[in-house]
Amino acid sequence: MAQRRLIVASTNAGKVHEVQLALSGFAGWSVEPLPARLLEVEESGTSFLENAILKATHYSRFVENLTLADDSG
């Protein structure tokens, strides 16, 4: 089975590590941070959910893998 990649739409190493730990029991997943030098997205949403959706949508345009975003403030 091919390794599946999940890109965490964050530059926060702690958040990336949290997701890595959460998925550590699932074989076949590689959890990775955003590639360097991507244009940042303006977090203009009115809630944490809206900002997470903005980030995930924005960064998914630049990577070929699943993209997960969190905006927990």
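Numbering starts at 1 and runs along the sequence shown.
Clustering of Ile, Leu, Val, Met, Phe, Trp and Tyr side chains at separations under 4.5 Å places Leu49 together with Ile53. Apart from Val8 itself, the hydrophobic cluster it occupies contains Leu6, Val16, Val19, Leu23, Phe26, Trp29, Val31, Leu66, Leu68, where clustering links Ile, Leu, Val, Met, Phe, Trp and Tyr at side-chain heavy-atom distances under 4.5 Å.
The two residues Ala69 and Lys55 come nearest to each other via the heavy atoms CB-CB, 3.8 Å. When all heavy atoms of Asn51 and Gly45 are compared, the pair lying nearest together is OD1-N, 2.8 Å. Between Glu42 and Leu54, the closest heavy-atom pair is O-CD1, 4.0 Å.
Annotation: side chain of Leu34 is in contact with side chain of Tyr59 (closest heavy-atom distance under 4.5 Å). Side-chain contact between Pro35 and Val63: present, with at least one pair of heavy atoms (C-beta onward) separated by less than 4.5 Å.
The line from NZ of Lys15 to CG of Asp71 is 6.0 Å long, rounded to the nearest 0.5 Å. Residue Ile7 holds its CD1 atom at 10.5 Å from CD of Glu64, rounded to the nearest 0.5 Å.
Applying the side chain to side chain donor-acceptor pair (under 3.5 Å) criterion to Ser30, with sequence neighbours excluded, gives Glu32.
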